[in-house]
**Student:** 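Structure provided below as structure tokens; questions to follow.
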Amino acid sequence: MTERLTLRELTADDVDLLVELDADPAVMHHVTGGVPTPRAEVVDEILPAFLAYYARGDGYGFWAAVERGSEEFLGWFHLRPREGRPHDEPELGYRLRRAAWGHGFATEGARALVDTAFSDLGAARVVAEAMAVHTPSRRVMEKCGMRLVRSFHADWPYPIPGDEQGDVEYAITRAEWEAARRG
């Protein structure tokens, strides 16, 4: 929980909210070029994958972001180990409804998960990735104390304007996080 957000576990009852989120072409622009996620994919693949994290019991997973007071669903955040990478170097991610953009919710939720990663989950480093041209997402990472560590080219199934400029990885180490908290 943050000042303005409740980060709660997702449930099967959230399927319509997730379908609606992924149906917005602006929300999906940097993911699929604006192509919505089919409902069947959300029901059969995405939501079950999100829910499976809770059964693991390691503290990682996906959380619904709900605005405190209004109880409005704003989107989701994730903090999860990356495939083929050390378990103590989780990836931070987020997807918010367009109405939530520009209000600091992404930064607020992301900071809370970075803090959780280091204070509760024993992370050594937290990383996040975005398209190089996705300036708002990059700003969120920077506001969380993350720094640009590399540029690369990911193989995406959808051609997206700007993907020729590649992708970026941001990260913050435990030592950097601790120094910022002392500072």
**Student:** Strictly below 4.0 Å, N to O, side chains only: are Arg138 and Glu142 in salt-bridge contact?
**Tutor:** no
**Student:** Would a hydrophobic clustering, with Ile, Leu, Val, Met, Phe, Trp and Tyr connected at side-chain separations under 4.5 Å, put Leu18 with Val43?
**Tutor:** yes
**Student:** Is it true that Asp24 and Arg95 make a salt bridge, defined as a side-chain N closer than 4.0 Å to a carboxylate O?
**Tutor:** no
**Student:** State plainly whether the residues Arg150 and Glu169 are in salt-bridge range, i.e. N to O under 4.0 Å.
**Tutor:** yes
**Student:** For Phe77 and Ala65, work out which heavy atoms get closest and say how close.
**Tutor:** CE1-CB, 3.6 Å
**Student:** Could you tell me whether the side chain of Thr11 and the main chain of Asp13 form a donor-acceptor pair under 3.5 Å?
**Tutor:** yes
**Student:** Would Trp177 and Asp115 count as having a side-chain donor-acceptor pair, cut-off 3.5 Å?
**Tutor:** yes
**Student:** One thing to verify: whether Arg4 and Glu67 come together as a salt bridge, which I'm taking to mean a side-chain N less than 4.0 angstrom from a carboxylate O.
**Tutor:** no
**Student:** Looking only at the side chains, is there a donor atom on one of Arg147 and Tyr170 sitting less than 3.5 Å from an acceptor on the other?
**Tutor:** no
**Student:** State, to 0.1 Å, how close Ala132 and Gln165 come at their nearest heavy-atom pair, and which atoms those are.
**Tutor:** CB-O, 3.7 Å
**Student:** Closest approach of Gly162 and Met131, non-hydrogen atoms and distance?
**Tutor:** C-CE, 3.6 Å
**Student:** Would you say Val168 and Ile160 are hydrophobically clustered, going by side-chain heavy atoms of ILVMFWY under 4.5 Å?
**Tutor:** no
**Student:** When you measure from the side chain of Asp167 to the backbone of His153, do you find a donor-acceptor pair of N or O atoms at a distance under 3.5 Å?
**Tutor:** no
**Student:** Please report the shortest heavy-atom distance between Val66 and Arg8, naming the atom on each side.
**Tutor:** CG2-NE, 3.8 Å
**Student:** Using side-chain heavy atoms (C-beta onward) and a distance below 4.5 Å, is His30 in contact with Val133?
**Tutor:** yes
**Student:** Does Val127 share a hydrophobic cluster with Tyr94, counting links as ILVMFWY side-chain heavy atoms below 4.5 Å and allowing steps through other members?
**Tutor:** no
**Student:** Ignoring hydrogens, what is the shortest heavy-atom contact between Ala110 and Leu92? Give both atom names and the distance.
**Tutor:** CB-CD2, 3.7 Å
**Student:** Do Leu79 and Trp63 have side-chain heavy atoms sitting under 4.5 Å apart?
**Tutor:** yes
**Student:** Would you verify whether the NZ or CZ of Arg80 falls within 45 degrees of the ring axis of Tyr53 while also being under 6.0 Å from that six-membered ring's centre?
**Tutor:** no
**Student:** For Leu96 and Val27, work out which heavy atoms get closest and say how close.
**Tutor:** O-CG2, 3.6 Å
**Student:** Would Asp22 and Arg39 satisfy salt bridge (Lys or Arg N to Asp or Glu O under 4.0 Å), going step by step from the backbone distance to the final call?
**Tutor:** CA-CA 9 Å; Asp22 281 14; Arg39 180 180 185 81; over 6 Å; no
**Student:** Looking only at atom types and distance, does a side-chain atom of Tyr60 sit under 3.5 Å from a main-chain N or O of Ala117, one as donor and one as acceptor?
**Tutor:** no
**Student:** As an exercise, state the distance from CG of Leu74 to OG1 of Thr6, rounded to the nearest 0.5 Å.
**Tutor:** 10.0 Å
**Student:** Does Glu89 use its side chain to pair, donor to acceptor, with the backbone of Pro86 at less than 3.5 Å?
**Tutor:** no
**Student:** Are any of the side-chain nitrogens in Glu129 or Arg82 under 4.0 Å away from the carboxylate oxygens of its partner?
**Tutor:** yes
**Student:** Passes ring-ring contact (aromatic ring centres under 6.0 Å, His included), His78 versus Trp76? Steps please.
**Tutor:** CA-CA 7 Å; His78 76 65; Trp76 54 255; 5.7 Å; yes
**Student:** Are Glu72 and Arg97 within salt-bridge range, i.e. N to O under 4.0 Å?
**Tutor:** yes
**Student:** Please answer whether the main-chain N or O of Met1 pairs with a side-chain N or O of Arg68 as donor and acceptor at a distance below 3.5 Å.
**Tutor:** no
**Student:** Same hydrophobic cluster for Val35 and Val19, using side-chain heavy-atom links shorter than 4.5 Å among ILVMFWY?
**Tutor:** no
